[in-house]
Every structure is written in C-alpha cells, then in structure tokens.
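In this text the structure is predicted, and so the values were computed from the model without any measurement.
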Amino acid sequence: MFSSSSKTLNWSIPSSVEELDAMIIDSATPLLIFKHSERCPISRMALKQFENEFNLEDVRLAFIEVRENRELSNYIAEKWNIVHQSPQLLIQDTKGNNISFSHNGIDVSKIKSFLGL
C-alpha cells in the first residue's frame, strides 16, 4: 500500500467513519489526510514525493486508500464539501479550518503556508 521511500512516516489508517471523525474532532494538532490510489501512477508519485519532502513535527497523518475504502473517501469529500480527487491531501489546522490540494499541488511548502509555519 505505501511507497518504498527510505523515510517512514507515522500514518494512521482509519477504518471507519467513526475513527475518521474522532481524528477530525481532535484538533489539538493539525491533521493531514492523504487520499491515495495505488493503481494510479500519479498518486504513487505524489505520495513518494510527499514522503520524501515531509519534515513537519506535531502533525497527525492519516492515510486513506480510496479503492479499498471508498466510504471514507466519499465521506470526507462530503463532510468538507470538496470534490473527490486522487491523489488528494486534506489539511485541518488547530482552529478547524481546512483546505485541500491534489495531484501536483501536493507540496509541503503549501502545507506550511496554510498552517502558518
């Protein structure tokens, strides 16, 4: 499921809407949700680039494989009122504000800018 980058990230993998909601409700630290499709070469490339560039601390990471868990993928798109894309990175800050980036727009500098880092 995950790329074979040399850097291992501490991904949480929610398996239900309730688990995902609990992650969203807990806004003590920013939350990044990476929606990924293993069958998509663009998604694999974006994930590998994200893993290689990621250098943030005090950020929670969640991973949703869209083909394996379409329910969660659709749920988050509806909850945040965004169009589903893959790959897609959804970010929630500590105030509950959120934003999403997809495809080549997934960039650690954009995450830092949104979070004010």
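- Checking side-chain atoms of Gln92 against main-chain N and O of Ser27 turns up no donor-acceptor pair under 3.5 Å.
- Hydrophobic clustering (ILVMFWY, side-chain heavy atoms < 4.5 Å, transitive): Phe50 and Leu56 are in one cluster.
- Shown here for Leu31 and Ala62, the closest heavy-atom pair between the two residues is CD1-CB, 4.2 Å.
- With contacts defined as side-chain heavy-atom distances shorter than 4.5 Å, the pair Asp93/Asn98 does not qualify.
- There is no path of hydrophobic side-chain contacts, each under 4.5 Å, that joins Tyr75 to Ile99.
- Hydrophobic cluster membership differs between Val66 and Phe101, with clusters built from Ile, Leu, Val, Met, Phe, Trp and Tyr side chains linked at under 4.5 angstrom.
- Aromatic ring orientation, Trp11 versus Phe34: perpendicular (interplanar angle above 60°, classes split at 30° and 60°).
- The neighbour count for Arg39 CZ, taken as heavy atoms of other residues, nucleotides or ligands under 6.0 Å away, does not exceed 12.
- The local environment of CD1 in Ile42 is sparse, with at most 12 non-hydrogen atoms from other residues, nucleotides or ligands closer than 6.0 Å.
- Looking at Ile24 and Ile76, their side chains come closer than 4.5 Å, going by heavy atoms from C-beta outward.
- Taken to the nearest 0.5 Å, the OG atom of Ser12 stands 9.0 Å off from the CD atom of Glu19.
- Summarising the geometry, atom CG belonging to Asn74 is positioned 9.5 Å from atom CG belonging to Asn69; distances are rounded to the nearest 0.5 Å.
- Taking 4.5 Å as the limit, every side-chain heavy atom of Ser100 sits out of range of all side-chain heavy atoms of Ile91.
- Scanning both residues, Gln49 and Ile106, for their nearest heavy atoms gives NE2-O, 4.3 Å.
- You'll find the side chain of Glu65 reaches within 4.5 Å of the side chain of Glu38, heavy atoms only.
- Linking ILVMFWY side-chain heavy atoms closer than 4.5 Å, directly or via other members, places Trp80 and Phe114 in two distinct hydrophobic clusters.
- No continuous path of ILVMFWY side-chain contacts below 4.5 Å connects Leu9 to Ile33, so the two sit in separate hydrophobic clusters.
- The CZ atom of Arg60 sits 4.0 Å away from the OG1 atom of Thr29 when rounded to the nearest 0.5 Å.
- A distance of 7.5 Å separates OG of Ser86 from NZ of Lys35, quoted to the nearest 0.5 Å.
- Separation of atoms NE2 (His103) and CE (Met45) is listed at 9.5 Å; rounding is to 0.5 Å.
- Residue Asn97 qualifies as enclosed at atom CG: its count of foreign heavy atoms under 6.0 Å is above 12.
- Put simply, the side chain of Ile82 reaches to within 4.5 Å of the side chain of Gln88, judged on heavy atoms.
- Of all heavy-atom pairs spanning Ser37 and Ser43, the tightest one is N-OG, 3.1 Å.
- Of all non-hydrogen atoms in Leu72 and Pro14, the two that sit nearest each other are CD1-O, 3.2 Å.
- Taking the side chain as every heavy atom from C-beta outward, Lys112 and Asn55 approach each other to under 4.5 Å.
- We find the CE-CG distance between Met23 and Leu61 to be 8.5 Å, quoted to the nearest 0.5 Å.
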